Colleague: 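One structure coming up, written as structure tokens, with questions to follow.
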Amino acid sequence: MTVRVRFAPSPTGYLHIGGARTALYNYLFAKAQKGTFVLRIEDTDLERSKKEYEELQIEDLKWLGVDYDEGPDKPGNYGPYRQSERLDIYKKYAQSLVDRGLAYYDFCTDDELEEMRERALKEGRPPHYEGKWRNEEFFEEAANRLASGEKAAIRFKAPGKSYTLHDNVRGRVVFPENMVGDFILIRSTGLPVYNFCCVVDDIEMKITHIIRGEDHLNNTVRQMMIYEALGSGLPEFAHVSLLIGKDRQKLSKRHGATSVVNYKEESYLPQAIANYLVLLGWSHPDEKEIFDVNDLGTEFDATRFSKAAAIYDLEKLKWVNGMHIRALPLETLQKGIEEFIENDHFYFGQSEDWKKSAIELYKNQIEFFSDFQKRIDEDLLNPNVEVTDKLKDVLSWETTKQIHGFLDKKVKEQKSDFLSKDNFDSLFNELKTDLKIKGKQLFMGTRVCLTGHDHGPELGDLVPIIPKEVMQKRLSNIATLF
RNA sequence: GCUCCCAUCGUCUAGCCCGGUCUAGGACAUCGCCUUUUCACGGCGGUAACAGGGGUUCGAAUCCCCUUGGGAGUACCA
């Protein structure tokens, strides 16, 4: 039997980081099992569902590298893959349940329902449906009212017995017999409700394994009832722990960026996000931390999920991103970096050699593509001096003044826009022999005069890519600080 | 309220199923040192955890129970 899994988002917003993780797990499981991964859009909540969100979520999924075999834009044998286009199927199934006495038409109004609920709660009973329509003696009346055009919901008759789920991550979970009462299958508007279409679709689409968030664990009883009523066997279930915020509360906007797009915009690498997300609730059998999720193969197995909720914390993601950046081939790195540099930036006016040197220089120092421009703006273009205690100290040395005088003159004499590496080396040697300065005095003095900072990359690599103009400005700014 | 789930360093986790090899391992963060006459990278090292209480057992992070804490569900939302 081939494995078939699915990811079933509701298009009510952007792709959430938690949803992305669930999608990833399904994708990787299908990959490991050489199975099929289905994308199904759960858009039965007409009020909140929007077509544009569906497109956006698909875009984000693809950006992350989560590729599916069947979906709304990838026809397969089990479509359509949008629930709003499957309404007839749900109706057919619901009607068969009614015909067999496993579900019934309910004419109760919202007010009546609310009243029942409140009374039950007040009297200490579980707030289950207690309307008359579940009784056979009213079936005829129901049929008549229906025939006269009245609208009714279809409600499922809960069997009132206990169910035991064998979950692949939770183990044996027992749901007591009075856990849920009769619940809605089809709303009076004719639209089906989540628990129902989910099961119908999973049966119709021949889903074999359901990997989803733990928030659905309690829903599973209702779904088990429906599977049973429909005469279908159960798929395997794996309820993965949830992602929570630093305050151990459900992840929400106030925890910062929770949508995948946010990370795309901030120039995170999709492979780094995938890598990090997979590790949040799953562990590599060899405890590997940095990898390409697509290389996991059969190393990704569903037995290594952790049961406890994980706090979503950015620190490690940043590190993972930096590791992936460093693993990038130079050309890919350059392309990526360039996407995050402003169009009219100084960078684009430079020679290929210059660009390569700059990227090579900062490659190990950036965690994000977007860090690159920040670094060149600061190290290469900003003529202002960053006055720190350490820098003041360097300025107080007599040798620094000498170096400054020397460099000021030499830089002015330069004809080209940059000091070549050779030019800088000879200039540096001259400085050393003429002024007889060495060691820390030499290096720090030169660094401060030419870069305006007391720290930064290797001087010999850095200076040749600083525009002469900027160095001159820095030199005159430094002059005012002596 | 009721029902279900969960509980190892600050964080992600290994170990738990099949008790001894665990004075609990790794990673991020943090601190210190080395290296690079700076910073970063890299290397080495430090601080830091089995929620609490009862059992069971010669022996428990590992098995059982309770407490506490956290999460989820309890809709004609998904």
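Predicted, not measured: the structure shown is a model, and the values here were computed from it. Order of the sequence lines fixes the chain letters, A, B, ..., with proteins taken first and strands second; residue numbering starts at 1 for each chain.
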Colleague: Hey, does the side chain of R155(A) come within less than 4.0 Å of C76(B)'s phosphate (OP1/OP2), counting only N and O?
Modeller: yes
Colleague: Please confirm whether the ring centroid of H209(A) lies under 6.0 Å from the ring centroid of F29(A).
Modeller: yes
Colleague: With a 3.5 Å cut-off and just heavy-atom distances, do the side chain of N218(A) and the base of A72(B) make a donor-acceptor pair?
Modeller: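 Under the 3.5 Å cut-off, the side chain and the base do form a donor-acceptor pair.
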Colleague: When you measure from the side chain of D215(A), which nucleotide among C5(B), G26(B), G73(B) comes out closest?
Modeller: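 The answer is G73(B).
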Colleague: Looking at A14(B), I'd like to know if its phosphate oxygens (OP1 or OP2) sit under 4.0 Å from a side-chain N or O belonging to S283(A).
Modeller: yes
Colleague: Between T44(A) and A78(B), is there a side-chain N or O to OP1/OP2 distance below 4.0 Å?
Modeller: yes
Colleague: Specify the closest pair of heavy atoms between Q223(A) and R212(A), including all atoms of both residues, with the distance to one decimal.
Modeller: OE1-NH2, 2.8 Å
Colleague: When you measure from the side chain of L242(A), which nucleotide among C39(B), C77(B), G71(B) comes out closest?
Modeller: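 Comparing C39(B), C77(B), G71(B) against the side chain of L242(A), the answer is G71(B).
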Colleague: Consider the side chain of P127(A), meaning its heavy atoms from C-beta on, and name the nucleotide among A78(B), U3(B), G1(B) that approaches it most closely.
Modeller: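 Of all the options, the side chain of P127(A) is nearest to G1(B).
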Colleague: Any N or O donor-acceptor pair under 3.5 Å from the base of C6(B) to the side chain of S241(A)?
Modeller: no
Colleague: Checking base pairs now: Watson-Crick or wobble, both atom distances under 3.5 Å. What partners C4(B)?
Modeller: G71(B)
Colleague: Taking the six-membered ring for Trp, are Y129(A) and F156(A) ring centroids under 6.0 Å apart?
Modeller: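 No, they do not, as the ring centres are separated by 6.0 Å or more.
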Colleague: Return no unless some side-chain N or O of Q249(A) is found under 4.0 Å from OP1 or OP2 of G70(B).
Modeller: no
Colleague: Between C9(B) and C18(B), how far is it from one P atom to the other, in whole Å?
Modeller: 25 Å
Colleague: Can you check whether F305(A) and Y25(A) have ring centres sitting under 6.0 Å from each other?
Modeller: yes
Colleague: Ignoring hydrogens and geometry beyond distance, is a side-chain donor-acceptor pair present between T109(A) and D111(A) at under 3.5 Å?
Modeller: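 Judged by distance alone, the side chains do not pair up.
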Colleague: Considering only atom P, compute the distance from U67(B) to G73(B) and round it to an integer number of Å.
Modeller: 24 Å
Colleague: Between A27(B), A7(B), C76(B), which nucleotide has the shortest distance from any of its atoms to the side chain of V193(A)?
Modeller: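 Ranking A27(B), A7(B), C76(B) by closest atom to the V193(A) side chain puts C76(B) first.
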Colleague: Let's test this: given Watson-Crick or G-U wobble pairing with both distances under 3.5 Å, identify the partner of A24(B).
Modeller: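 Across any shown strand, A24(B) pairs with none.
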Colleague: Within the pair K307(A) and C6(B), is there a side-chain N or O less than 4.0 Å away from OP1 or OP2?
Modeller: yes
Colleague: When rounded to the nearest Å, what value does the distance between C1' atoms of G43(B) and C22(B) take?
Modeller: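 27 Å, rounded to whole Å.
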Colleague: Roughly how far apart, to the nearest Å, are G52(B) and U62(B) at atom P?
Modeller: 11 Å
Colleague: Would you say R172(A) places a side-chain N or O within less than 4.0 Å of OP1 or OP2 belonging to C17(B)?
Modeller: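 For C17(B), neither OP1 nor OP2 has a side-chain N or O of R172(A) closer than 4.0 Å.
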Colleague: Partner lookup for U38(B), please. Criteria are Watson-Crick or G-U wobble with both distances under 3.5 angstrom; report none if nothing qualifies.
Modeller: none
Colleague: In the structure shown, which nucleotide is the Watson-Crick or G-U wobble counterpart of C33(B), with both distances under 3.5 Å?
Modeller: G43(B)
Colleague: Output yes when at least one side-chain N/O atom of R375(A) is less than 4.0 Å from OP1 or OP2 of A40(B), else no.
Modeller: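 For A40(B), OP1/OP2 do not have a side-chain N/O of R375(A) under 4.0 Å.
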Colleague: Taking C58(B) as the reference, what is the distance to U74(B) when you measure between their C1' atoms (whole Å, please)?
Modeller: 48 Å
Colleague: Is a donor-acceptor contact shorter than 3.5 angstrom present between the side chain of E287(A) and the base of G25(B)?
Modeller: yes
Colleague: Any base atoms under 4.0 Å from R212(A), or only sugar-phosphate, or nothing? Heavy atoms, all strands.
Modeller: nothing
Colleague: At under 4.0 Å between heavy atoms, what does P126(A) touch on the DNA or RNA strands: base, sugar-phosphate, or nothing?
Modeller: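 Since no nucleic acid heavy atom lies under 4.0 Å of P126(A), the category is nothing.
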Colleague: Given the C1' atoms of G19(B) and C44(B), what is the spacing between them in whole Å?
Modeller: 36 Å
Colleague: Just compare G26(B), G71(B), A40(B) and give me whichever is closest to any side-chain atom of E289(A).
Modeller: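 The listed nucleotide nearest to E289(A)'s side chain is G26(B).
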Colleague: So what's C50(B) paired with, Watson-Crick or G-U wobble, going by both distances under 3.5 Å?
Modeller: none
Colleague: Is there a donor-acceptor pair under 3.5 Å between the side chain of N26(A) and the backbone N or O of F7(A)?
Modeller: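 No; judged by distance alone, with no hydrogens or angles, the pair does not exist.
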Colleague: At under 4.0 Å, does any side-chain N or O of R447(A) touch on OP1 or OP2 of C39(B)?
Modeller: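 It does not, given that no N or O in the side chain of R447(A) lies less than 4.0 Å from OP1 or OP2 of C39(B).
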Colleague: L317(A) near the nucleic acid: base, sugar-phosphate alone, or nothing, with a heavy-atom cut-off under 4.0 Å?
Modeller: nothing
Colleague: Is there a donor N/O on one and an acceptor N/O on the other, under 3.5 Å, for the side chain of D313(A) and the base of A29(B)?
Modeller: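 Check fails, no donor-acceptor contact within cut-off.
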Colleague: From the options S84(A), S10(A), S49(A), select the one residue that forms a side-chain hydrogen bond (donor to acceptor under 3.5 Å, both in side chains) with D43(A).
Modeller: S84(A)
Colleague: Below 4.0 angstrom from OP1 or OP2 of C12(B), is there any side-chain N or O of R21(A)?
Modeller: no
Colleague: Which of these, R222(A), R134(A), K132(A), sits in a salt bridge (charged side-chain N to carboxylate O under 4.0 Å, His left out) with D182(A)?
Modeller: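 Result for salt bridge (charged side-chain N to carboxylate O under 4.0 Å, His left out) with D182(A): R134(A).
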Colleague: Any protein N or O atoms within reach of nucleotides 47-53 of chain B? Criterion: under 3.5 Å, listing atom names and distances.
Modeller:
none

Colleague: What do you reckon, are the aromatic ring centroids of Y276(A) and H324(A) less than 6.0 Å apart?
Modeller: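 Ring centroids of Y276(A) and H324(A) are no less than 6.0 Å from each other.
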Colleague: Under 3.5 Å, is there a donor-acceptor pair between the side chain of S370(A) and the main chain of S267(A)?
Modeller: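 No, the answer is negative, given that no donor and acceptor are paired below the 3.5 Å cut-off.
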Colleague: May I ask you to say what K318(A) touches in the nucleic acid, namely base, sugar-phosphate or nothing, with a heavy-atom cut-off under 4.0 Å?
Modeller: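 Touches nothing.
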Colleague: Considering only the C1' atoms, how many Å lie between C28(B) and C64(B), rounded to the nearest integer?
Modeller: 36 Å
Colleague: Identify whether any heavy atom of P9(A) sits under 4.0 Å from a base atom; if not, whether one sits that close to sugar-phosphate; answer base, sugar-phosphate or nothing.
Modeller: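 It contacts nothing in the nucleic acid.
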Colleague: Taking only side-chain N and O atoms of R48(A), does any of them lie within less than 4.0 angstrom of OP1 or OP2 on A78(B)?
Modeller: no
Colleague: Determine the Euclidean distance between corresponding C1' atoms of C50(B) and G45(B); express it in Å to zero decimal places.
Modeller: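 Result for the C1' pair: 24 Å, nearest Å.
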